[in-house]
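All remarks here apply to the structure that follows.
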Amino acid sequence: MLELKTLAPPEAAGLDVRMGLLSRPKTIPATYFYDDQGSQLFEQICNLPEYYPTRTEAAILATLAPSLPSLTGADTLIELGSGSSTKTRLLLDAYTQAGPTHYVPIDVSRGILQQSAQALLTTYANLRVTGLVGDYIAALQQLPPAQRRLVLFLGSTLGNLGATECSDFLAMIRLALTRGDYFLLGIDLHKDQSILEAAYNDSAGVTAAFNRNILMHLNTRFGCTFQPEQFEHWAFYNSTMQQIEMHLRSRRNHVVDLGSLEAQIELRAGETIRTEISRKFDLTTFTPLLADQGLPVRRTWQDERGWFAVLLCQAV
Ligand code: SAH
Ligand code: AVI
């Protein structure tokens, strides 16, 4: 049986959108990509020929999975931003073979969480699933009891947080863990700019649709009056910041009403709204940051091209 808990939305829900759209330059938090449609589009992105992170990380996970149950001794796997849990199956194969396992997927996107959790229960007899619908930071404060935890944060979703947010987030993960618990983190590494830019400018236009869908989501959720066709998808590598940036560029001067967020914004022709950063990491500089937050790296796995890394950290 699937246990699904919905976490109370923060009192400030929507204020982050309002603040971002009233700032200069304008921004929208990337979390708002993920309504049902956004989650489906992200699944399509994962299968695009240009989007290397998913298949590269999956290959690494396939290699390390058999050794992970004995390495960690974990009975509970908690996944932050679990989405379709497709890659997680590689780990669940190994864990459920080793013994009964409790899986706790956490995601803001209810539909995909519910669907994937149900599907897991039909695959694995040895699995208990408790899904948490809501923000992973809130969820970290109410994790179910466990003997030994392994927290998963895959797909380089950590890269969608700015540097300060990232350190705070790691600190919160450490606080939620007991000494000896594990944290498995997937991060996308530096590589040729042309490969990075192609991954966020696919020829089928799926990433562009994903980017514009954030506006549809704000329209449905807050009654905003965005017209997505009035915006162009723009994604590029910012080499100074070492991050991909995704923006929506207004095709003309216009005004958008933010509905229940009680504001109006003016957009000039050519003005952009930044919808996402996707930081690319360097292991030499990033590994010490994990240790600084009480999560030193115990093992590192990479693909042979050195495009992606999976790090096993342990709470000390
Ligand atoms: N882990 C999957 C999905 C990555 S996409 C993979 O590696 O392919 C990022 C996921 O995080 C989405 O499913 C999205 O709904 C979820 N997400 C984004 N912001 C979130 C937040 N603040 N709290 C919980 N889930 C979030
Ligand atoms: C979820 N996250 C790590 C993806 C990324 O690559 O930053 C989201 C994405 N944005 C565009 N394509 C994929």
Side-chain angles (χ1 to χ4, degrees), residues 6-7 9-10 13 16 28-48 50-58 60-61 77-91 104-117 131-141 151-161 165-166 169 172 184-189 196-202 204-214 217 233-237 243-248 274-281 307-308 310:
T6 305
L7 306 175
D16 50 355
I28 301 172
T31 298
Y32 289 91
F33 280 127
Y34 304 97
D35 58 356
D36 284 345
Q37 177 66 10
S39 292
Q40 293 311 325
L41 286 166
F42 180 73
E43 285 309 294
Q44 288 180 39
I45 289 176
C46 292
N47 293 316
L48 291 169
E50 295 95 337
Y51 196 73
Y52 62 86
T54 309
R55 73 181 68 87
T56 311
E57 185 180 36
I60 302 171
L61 292 174
L77 270 56
I78 296 154
E79 182 163 11
L80 311 175
S82 49
S84 67
S85 301
T86 308
K87 286 173 292 188
T88 319
R89 283 174 173 260
L90 297 161
L91 305 180
V104 185
I106 303 167
D107 207 291
V108 275
S109 195
R110 167 183 290 275
I112 196 159
L113 175 75
Q114 191 161 7
Q115 246 173 33
S116 54
L132 302 180
V133 181
D135 183 68
Y136 33 55
I137 293 178
L140 280 173
Q141 278 134 53
V151 171
L152 311 170
F153 199 29
L154 303 178
S156 203
T157 304
L158 187 73
N160 298 139
L161 307 178
E165 261 182 306
C166 172
F169 190 67
M172 273 182 278
L184 192 74
L185 175 67
I187 50 170
D188 198 11
L189 303 176
L196 289 171
E197 290 189 338
Y200 294 82
N201 288 286
D202 65 278
V206 183
T207 310
F210 175 72
N211 198 5
R212 284 195 198 94
N213 180 66
I214 204 168
H217 184 196
H233 167 71
W234 181 41
F236 66 97
Y237 187 62
Q243 63 193 21
I244 285 282
E245 292 187 11
M246 289 217 310
H247 294 246
L248 288 162
R274 197 188 69 204
T275 50
E276 185 176 65
I277 60 163
S278 191
R279 294 165 68 219
K280 305 301 162 187
F281 297 90
W307 282 10
F308 202 95
V310 176

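Quick caveat: nothing in here was measured; it's all calculated off a predicted structure. Counting convention: from 1, in listed order, for ligands and their atoms alike.
Within the 4.0 Å heavy-atom criterion, the part of Y200 lying near ligand 2 is the side chain and not the backbone.
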From CA spacing to verdict: side-chain contact (heavy atoms from CB on, under 4.5 Å), Y136, V151: CA-CA 11 Å; Y136 33 55; V151 171; over 6 Å; no

Trace of the ring pair (Phe, Tyr, Trp, His ring centres under 6.0 Å) decision for Y34 with F210: CA-CA 9 Å; Y34 304 97; F210 175 72; 5.8 Å; yes

CA sep, side-chain torsions, deciding dist, call: Y32, D16, side-chain hydrogen bond (donor to acceptor under 3.5 Å, both in side chains): CA-CA 10 Å; Y32 289 91; D16 50 355; 2.8 Å; yes

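Heavy atoms only, all atoms of each residue included: L161 and C166 are closest at CB-N, 4.1 Å. Scanning both residues, N213 and F33, for their nearest heavy atoms gives ND2-O, 3.6 Å.
The closest donor-acceptor contact from the side chain of D188 to the backbone of R279 lies at 3.5 Å or more, if one exists at all. The closest donor-acceptor contact from the side chain of D202 to the backbone of T207 lies under 3.5 Å. Under the 3.5 Å distance criterion, the side-chain polar atoms of E57 are matched with a main-chain donor or acceptor of G155. A distance-only check finds no donor-acceptor pair linking the side chain of D107 to the backbone of V133 [under 3.5 Å].
Taking a cut-off of under 4.0 Å to the non-hydrogen atoms of Y51, the atoms of ligand 2 that pass are 4 (C), 5 (C), 6 (O), 12 (N), 13 (C). Annotation for ligand 2: atoms under 4.0 Å from non-hydrogen atoms of S156 are 3 (C). Heavy-atom proximity to Y34, at under 4.0 Å, picks out these atoms of ligand 2: 1 (C), 8 (C).
Enumerated by chain and number, the residues approaching ligand 1 to less than 4.0 Å through a heavy atom are T31, Y34, F42, E79, G81, S82, G83, K87, D107, V108, S109, G134, D135, Y136, L154, G155, T157.
Ranking protein heavy atoms by distance to atom 2 (N) of ligand 2, first place goes to N160 OD1, 2.9 Å. For atom 9 (C) of ligand 2, the closest non-hydrogen atom of the protein is E276 OE1, 3.6 Å. Distance from atom 7 (O) of ligand 2 to its nearest protein heavy atom, with residue and atom name: S278 OG, 2.7 Å.
The aromatic rings of F169 and F153 are tilted relative to each other, their planes meeting at an angle between 30° and 60°.
Under a 4.0 Å heavy-atom criterion, G155 is in contact with ligand 2.
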